[in-house]
Structures are given as structure tokens and as C-alpha cells.
Protein chains: 2
Amino acid sequence: MNLKETSLTLVNHADTYACAMPDEPRWLTDHERDAWLALAKLMFNLPSALDAQLLRDNHLTLFDYFVLSGLSMAPGRTMRLSDLASHLSCSLSRLSNVVKRLEQRGLLRRTPDPESPRYTVASLTDAGWDLVVAAAPGHVAAVRDYVIDGLTASQIDVLREVACHVTRKISEAPEASTR
Amino acid sequence: MNLKETSLTLVNHADTYACAMPDEPRWLTDHERDAWLALAKLMFNLPSALDAQLLRDNHLTLFDYFVLSGLSMAPGRTMRLSDLASHLSCSLSRLSNVVKRLEQRGLLRRTPDPESPRYTVASLTDAGWDLVVAAAPGHVAAVRDYVIDGLTASQIDVLREVACHVTRKISEAPEASTR
DNA sequence: AGCAGATTGTTCAAGCTTGAACCTGAAGGA
DNA sequence: TCCTTCAGGTTCAAGCTTGAACAATCTGCT
């Protein structure tokens, strides 16, 4: 509502804070901070906005939808759980929980991989396929409304570049530090 | 790791799906879909990446940090909970829970607003201030590493435009539908 | 005054996510 | 063969978020 583009974070503590880190921290410029705060707000609010539409109309979370949609595009509508997890960049634990719930709702089936008993594959059922097909138009409309429509082609281009840059940096992160 | 820029969602179901929605859905073009999938991946992974850094180094979630940082920038390091909630675009319920935990850790204090007993204000304690000051450099470094560094000034500019556009669209959303 | 309704904030149950522990099956040595 | 290690997958406890219900305060209307 009346929430302005206020600063969410990153006070410049340079005055009170003097040399406790190895290198002097490089604070964000105003230009950089504005972009980061806007992105932070997007990160906080867009997932719940899309969740809300899917939950209201199809009783699915956004993550549920990605799982079903991923399967719907796989050959035979079937995928190994480990492949699906890396496809979705999520933990196997999270996927296992979600898949169990979706299976209980009859939207997919889990079976041992016939090629190697060590893997488990998930297969979309007809009910699952029908649900994805029914949910897709509303979801696309929400994505268009919140994100795509109203942007120019070049803005969309830069959005892709920037988002790919961020996800690449995250996937390259050390992942192991002093602890 | 070996996660490619695979398609997370939005199969074109146009073949199997024929006229069940009021208007024919406008599917995303390849160009639009690439940008959306990249943004979706960012949305899923950036919050946990920033959480991980703050949790590891300062035992704070990103949201905790925003709460403390918001207070640190307020006059008197004090704010009404309702103002803080709209500042952070979060529910009062969520803020109430987080503030309770932060108070138990001695990082802030809750007191009735002296100007009107109807409000509650949260004030950063010295320990809370010290923690924000200690956490800020590492957090800024992570934001730089994952997002800002490596982008050109004009990419940063477009990022801000796009993110502001999305958050504006979300805040303008009807919010009330058939249910 | 008095009453309806909105706003502020808390609490509780239900659901989801995370990380650790665990089990199974496969691969690699010695 | 035996032992170790690792990858795939599940489960459980702990923590967080959400939404509804509630109490308290304020505002506006008559």
C-alpha cells in the first residue's frame, strides 16, 4: 500500500565502524543500493504473489507447479528424482517431501527406475497432467501481469542477462568456508 | 553444479489444451520465457545464498538482518512495528514473531509507544547495533559478489527499473478475487 | 454518549523447509 | 572377498511462515 521505496538495509556504518574486517568493505553506491533494494523487494514479494494465484486457483504452490511442469516436459513425463532436483536447484530432501505429498494427491507416481534400482523415477499421472494444463494459463497470465508485460524487449534482454549472471555466481560459490 | 539453464516451467500446452479459459492464453515467447526462467531461478536461490552467509557468519537470517538494519537507520533506532512491517512489506504476524525472537536474544526491546498506547515500538539495543555493524561488511560483500559486481552501470540501471516495475505491479494487484 | 468498524499487535495450529541421521545399492581398492 | 566410500533417497526434529482468531485501542457516525 503506502510502502515507499525506502531503504531496507545497508546503512553506511563507516563512521561508527572503523577497521574490523581484513579489507575495508566496499559499500554500495546510491545507484547500486537502489537496484539492490528493488531486487530484494522483488525477491520477498514475487514468490508469494505467484504462490497466492496458484494456491487460490489450483491449490498448488509455485514449487509444486515447477515440479509438475518439469515432469510434464520430460520424455515419458518421467524423471529421476535426482535429475529433477538438480533441474530445479533444490535439495533432494525438499523434493522428496513435495513429491510424497503430490503422490498422495494422485498427481504423480514414484517407481524404482527399471534401468537401475538405485534410482527412483517420478511419473506424472493423467490427473497430474490435467492439472498442469488447467493451471498453466492462469500462471502465465500472472507472470505476464507481474513481470513481463510492460517491459520493453531490451529490458527483458537485460533481465535475462542479469538473472543468469546472479545464478551463475551463486552456483560457483565456494560453498565451504571456515565452517 | 551441473544444472543447466533448463526450462523450469511453462510448457506450451496449446496442442492438448483447447479453449477452457475465457480468453486464449498468451503464452510466453522464447525470449520472454528465457528471462522469466532465469528470474525464477534467481528468486529460488538468491535468498538462501544470502541467508547462508548471514547465518554462518552472524547467526542471522536475511529477514532478521533487514529488521535490525531498518531499525538502525530509524531516528532514535526506534520504529513502530506497523511502520516497520509496511517498510519491509511483510505481515504484522511475521514481524511480531521475528521481533519476539530478536528481543529474546537481547538485540532489540519492545515498549509501548509513549505517544499513543495503541502502538508498540521496537528499539535497537547496543548489542543489536553492534551486531548490525559487525554483519554489514560480510553481507555487502555477498551482495556485491552475487549481484552487483560484474554488472555494468546500465545493467544495474535496468535491473532497478525492472525490479521496481514488478514490485509496483504486485502492490497494485487486486488482492481480492472470488475468494 | 454510544455503538460499529477499522487498526495494532499477539497467539495458536497447520503446513513447509532445512539439515542431520540413516539406509540401501554401487564403485573402487587392497 | 572384504572394507571403505559415495550417491540416491527417506525420515525426523527443529525452526519459520501463514492465516485465522482474539483483545485492545481508536475513529467516525448518529
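So that the names make sense, note that chain A is the first sequence line, chain B the second, and so on, each numbered from 1.
- Side-chain atoms of A:D57 and A:H139 form no donor-acceptor pair, as typed in the model, at a separation below 3.5 Å.
- Following rounding to the nearest Å, A:L62 (CG) and C:dT17 (P) show an atom-to-atom distance of 11 Å.
- Between A:D51 atom CG and C:dT17 atom C1' the separation is 13 Å, expressed in whole Å.
- The side chain of B:K100 places an N or O atom within less than 4.0 Å of a non-bridging phosphate oxygen (OP1 or OP2) of C:dT11.
- Closest to the side chain of A:R118, out of D:dT10, D:dT27, C:dA26, is C:dA26.
- Each of A:T61 and B:L55 lies near DNA chain C, and the nucleotide nearest A:T61 is the one positioned closer to the 5' end.
- The side-chain heavy atoms of B:V162 and A:V162, taken from C-beta on, include no pair separated by under 4.5 Å.
- Listed by chain and number, the residues in a salt bridge (Lys or Arg N to Asp or Glu O under 4.0 Å) with B:D149 are A:R26, B:R144 (sequence neighbours excluded).
- Screening residues 104-117 of chain A for side-chain hydrogen bond (donor to acceptor under 3.5 Å, both in side chains), with sequence neighbours left out, gives A:R80-A:D113, A:E103-A:R110.
- Residue B:L81 is in sugar-phosphate contact alone, with no base atom involved, counting any heavy-atom pair closer than 4.0 Å across all strands shown.
- The separation between A:R101 atom CZ and D:dT11 atom P is 12 Å, rounded to whole Å.
- For D:dG19, its base sits under 3.5 Å from the side chain of B:S93 at one donor and acceptor pair at least.
- Counting to the nearest Å, the C1' atom of D:dC26 and the CG atom of B:D113 are 14 Å from each other.
- Between B:L95 atom CG and C:dT8 atom C1' the separation is 12 Å, expressed in whole Å.
- Within the 4.5 Å cutoff, side-chain heavy atoms of A:M43 are placed close to those of B:L42.
- Distances shorter than 4.0 Å separate some side-chain N or O of B:S116 from OP1 or OP2 on D:dC26.
- Summarising the geometry, the separation between CG on B:L54 and P on D:dC16 is reported as 14 Å, rounded to the nearest angstrom.
- Phosphate proximity of D:dT17 to B:R94: present, with a side-chain N or O under 4.0 Å from OP1 or OP2.
- Side-chain proximity of B:T120 to the nucleotides C:dT11, C:dG9, D:dT25 is greatest for C:dG9.
- As a whole-Å value, the separation of A:N97 CG from C:dT18 C1' is 10 Å.
- C:dT7 atom P lies 15 Å from atom CZ of B:R80, rounded to whole Å.
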